[in-house]
Amino acid sequence: MGKNKGIFKKVVAGVMTFTMCLGMVTPAFAKEDSKKTKPSYNADMVIAMDVSGSMSGSKLTKAKKSAKKMAESIWKEQGDYRINVRIGLVTFESSVVHHKNDGKDFFEKKDKEKLFKTIDGFTDKDMTFTQGGLHEARKMFEKSNSDKKIIVLLSDGDANYIYPSKIDVKDYYNNKKDIPDGSFYYDKAGINPNNDNVAKYCAIQEARLAEKDNINVLDIYTLAVDCDSNTKKFLEDIATDPDHAKDADTDDIEDTFEDLTKEIKTKLEKEELEKEIEDLNKKIEELDKDKKELEKGKD
């Protein structure tokens with residue numbers, strides 16, 4: 001990244017020199033340059049945490065610790081990366097709860113203690129409504145116009161609840177067909193389909209619908225807490241990329257979240273840098289066109 005920044009600075013210097021030669025340094029350009037010291041990239045992240053009965057004991061303790069570590073890490077240096085991050089919090093068991101920040105959907109860095117206190121108060125119970133947790137995150141993003149949207153799903157990989165459906169979901173699962181949007185009664189409580197594979201398939205399909213809602217903007221990460229190979233595969237299928245599916249045990253769970261945070265921040269920084277270079281290239285093309293017009297006028 002240091003090499004890219006060096007190249008970026010040279011590009012900026014070249015543009016400024018070229019502009020000065022033409023006598024065209026404008027207040028507008030200077031104003032744009034001054035924005036570089038301010039947050040210029042907004043990201044919304046929803047942490048969706050499994051608090052069902054299977055997460056009791058050490059699993060839930062790990063999940064809580066990891067959620068707080070994620071928030072701590074991503075907020076720690078957001079100013080250096082010129083990223084303004086808001087964090088939403090959802091828990092799911094047989095029902096789904098969106099934990100609001102005094103009525104607001106997201107917590108900001110200044111609300112860290114309130115967020116942590118909320119996380120510390122979680123207790124485990126009942127079944128596992130993974131589809132419901134993902135759908136709640138999806139709903140939260142409907143009102144978000146952030147540059148990047150992120151879901152982090154923390155779970156041991158169980159799933160046994162779904163929304164009541166308007167279609168034969170078992171047929172869609174058996175034939176591996178994509179479930180279209182509008183196929184569930186989202187305004188009703190979750191039910192047990194008596195088939196865990198169907199419940200998992202509905203959760204995976206909910207993740208894909210969330211991606212369609214936010215094309216090229218949403219990334220879904222998963223953290224497997226003490227999973228076996230089958231449940232790890234389920235969480236990998238939910239994630240937007242295989243490398244977005246993380247595994248953690250007692251010794252390295254914090255490291256996993258630190259690595260995940262670095263990946264998110266690096267990706268955000270890279271996307272922002274690419275956009276700035278694209279804008280500069282457009283400016284160079286405009287200036288080059290103006291230069292040719294000036295030279296043509298002299299002839």
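Here the structure is a predicted model, which is why all the values come from computation and not from measurement. One is the number of the first residue; the rest follow in order along the sequence.
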- Message: Can a donor-acceptor pair be found, under 3.5 Å and without considering hydrogens, that links the side chain of Thr231 to the backbone of Cys227?
- Response: no

- Query: If you measure from the Lys or Arg side-chain nitrogens to the Asp or Glu carboxylate oxygens, is any gap between Asp44 and Lys149 under 4.0 Å?
  - Reply: no

- Message: If we ignore hydrogens and angles and just use 3.5 Å, is the side chain of Asp241 paired with the main-chain N or O of Asp243 as donor and acceptor?
- Response: no

- Query: Is there a donor-acceptor contact under 3.5 Å from the side chain of Asp111 to the main chain of Glu108?
  - Reply: yes

- Query: Yes or no on side-chain contact (heavy atoms from CB on, under 4.5 Å) for Glu72 and Phe116, after CA distance, side-chain angles and deciding distance?
  - Reply: CA-CA 10 Å; Glu72 192 87 60; Phe116 285 10; 3.5 Å; yes

- Message: Taking Asp105 first and then Lys143, would you say they form a salt bridge - that is, a charged N and a carboxylate O separated by under 4.0 Å?
- Response: yes

- Min side-chain heavy-atom separation Met45-Arg86 under 4.5 Å: no

- May I ask you to check whether Tyr163 and Tyr185 place their ring centres under 6.0 Å from each other? no

- Task: Show the numbers, then the answer: is there a salt bridge (Lys or Arg N to Asp or Glu O under 4.0 Å) between Asp237 and Lys200?
- Result: CA-CA 10 Å; Asp237 289 341; Lys200 290 178 179 180; over 6 Å; no

- So do His244 and Thr222 actually touch side chain to side chain, heavy atoms under 4.5 Å? no

- Message: Working to the nearest 0.5 angstrom, can you tell me the gap between Ile191 CD1 and Asn160 CG?
- Response: 12.0 Å

- Rounding to 0.5 Å, atoms CG (Asn174) and CG (Asn197) come to a distance of 9.5 Å

- Query: Between the main-chain N or O of Gly57 and the side-chain N or O of Thr61, is there a donor-acceptor pair closer than 3.5 Å?
  - Reply: yes

- Query: Under 4.0 Å between a Lys/Arg side-chain N and an Asp/Glu carboxylate O for Glu278 and Lys282?
  - Reply: yes

- Could you give me the CA-CA distance, side-chain angles and deciding distance for Tyr161 and Asp126, then say whether side-chain contact (heavy atoms from CB on, under 4.5 Å) is met? CA-CA 10 Å; Tyr161 254 44; Asp126 299 336; over 6 Å; no

- Shortest non-hydrogen contact between Asp120 and Lys64, atoms and distance: O-NZ, 3.1 Å

- Item | Qualifying residue for side chain to side chain contact (heavy atoms under 4.5 Å, CB included) with Asn42, from Asp147, Val85, Asn145 | Asp147

- Query: Can you tell if the side chain of Lys188 reaches within under 4.5 Å of the side chain of Pro164, non-hydrogen atoms only?
  - Reply: yes

- Apply the test side-chain contact (heavy atoms from CB on, under 4.5 Å) to residues Thr130 and Phe234: give CA-CA distance (whole Å), side-chain angles for both, the deciding distance (0.1 Å), then the verdict. CA-CA 11 Å; Thr130 309; Phe234 163 54; 4.2 Å; yes

- Given side chains that start at C-beta, do those of Ile167 and Ile179 come closer than 4.5 Å, heavy atoms only? yes

- Message: Using a 3.5 Å distance criterion without hydrogens, assess whether the side chain of His135 forms a donor-acceptor pair with backbone atoms of Glu206.
- Response: no

- Might you point out which heavy atoms bring Glu236 and Ala245 nearest each other, and give the distance in Å? CG-CB, 3.6 Å

- Flag yes if more than 12 heavy atoms outside Lys292 fall under 6.0 Å of its NZ atom; otherwise flag no. no

- Note on the structure: When every non-hydrogen atom of Pro193 is compared with those of Ile162, the smallest separation belongs to CB-CD1, 3.9 Å

- Roughly how far, to the nearest 0.5 Å, is CG of Asn192 from OG of Ser94? 9.0 Å

- Message: Is there a continuous path of hydrophobic side-chain contacts, each under 4.5 Å between heavy atoms, that joins Leu134 to Leu235?
- Response: yes

- Under 4.0 Å between a Lys/Arg side-chain N and an Asp/Glu carboxylate O for Asp279 and Lys275? yes

- Is the number of heavy atoms from other residues, nucleotides or ligands under 6.0 Å of Lys139 NZ greater than 12? no

- Item | Test item: Arg208 side-chain N/O and Ile238 main-chain N/O as donor-acceptor pair under 3.5 Å | yes

- Pairing of Lys59 and Asp156 as salt bridge, 4.0 angstrom limit: yes

- NZ (Lys100) with more than 12 external heavy atoms under 6.0 Å: yes

- Message: Would you say that Val152 contacts Met70 through its side chain, given a criterion of any heavy-atom pair below 4.5 Å between the two side chains?
- Response: yes

- Between the side chain of Ser183 and the main-chain N/O of Pro180, is any donor-acceptor distance below 3.5 Å? yes

- Does NZ or CZ of Lys176 fall inside the cone over Tyr201's six-membered ring, less than 6.0 Å from its centre and within 45° of the axis? yes

- Asp158 versus Thr128, side-chain donor and acceptor atoms under 3.5 Å: no

- Are Val51 and Phe129 grouped together when hydrophobic residues (ILVMFWY) are joined by side-chain heavy atoms under 4.5 angstrom apart? no

- Is there a donor-acceptor contact under 3.5 Å from the side chain of Glu93 to the main chain of Lys125? no

- How long is the span from the CD atom in Glu276 to the CG atom in Asn281, to the nearest 0.5 Å? 12.0 Å

- Nearest 0.5 Å please: distance from the NZ atom of Lys283 over to the CG atom of Leu280. 8.0 Å

- Query: Same hydrophobic cluster for Trp75 and Leu154, using side-chain heavy-atom links shorter than 4.5 Å among ILVMFWY?
  - Reply: yes

- Task: Return the minimal non-hydrogen interatomic distance between Leu60 and Met49, and the atom names on each side.
- Result: CD1-SD, 4.2 Å

- Query: Taking atom CG of Asp228 as the centre, does the number of heavy atoms from other residues, nucleotides or ligands within less than 6.0 Å exceed 12?
  - Reply: yes

- Item | Hydrophobic cluster identity match, Ile119 and Val96, side-chain contacts under 4.5 Å | no

- Query: Is the Phe122 to His99 ring centre distance short of 6.0 Å?
  - Reply: yes

- Query: Is it true that Lys114 and Asp102 make a salt bridge, defined as a side-chain N closer than 4.0 Å to a carboxylate O?
  - Reply: yes

- Query: Tell me, do Val46 and Val90 make a side-chain contact under 4.5 Å, heavy atoms counted?
  - Reply: yes

- Could you tell me which non-hydrogen atom of Val217 sits nearest to which non-hydrogen atom of Lys148, and how far apart they are? O-CD, 3.0 Å

- Message: Using every non-hydrogen atom in the two residues, find where Ala224 and Lys232 come nearest and quote the distance to one decimal.
- Response: CB-CG, 4.4 Å

- Task: Report the C-alpha separation of Asp171 and Val169 in whole Å, then their side-chain angles, then the decisive distance to 0.1 Å, and conclude whether the side-chain contact (heavy atoms from CB on, under 4.5 Å) test is met.
- Result: CA-CA 5 Å; Asp171 174 63; Val169 291; over 6 Å; no

- Determine the interplanar angle of the Phe141 and Phe106 rings, folded into 0 to 90°, and report it as parallel if under 30°, tilted if 30 to 60°, perpendicular if over 60°. parallel

- Message: Nearest 0.5 angstrom please: Lys62 NZ to Met55 CE, how far?
- Response: 9.5 Å

- Item | Phe107 with Ile150, same ILVMFWY side-chain cluster at under 4.5 Å | yes

- Check against salt bridge (Lys or Arg N to Asp or Glu O under 4.0 Å), Asp213 and Arg138: CA-CA 8 Å; Asp213 288 347; Arg138 181 185 168 198; 2.5 Å; yes

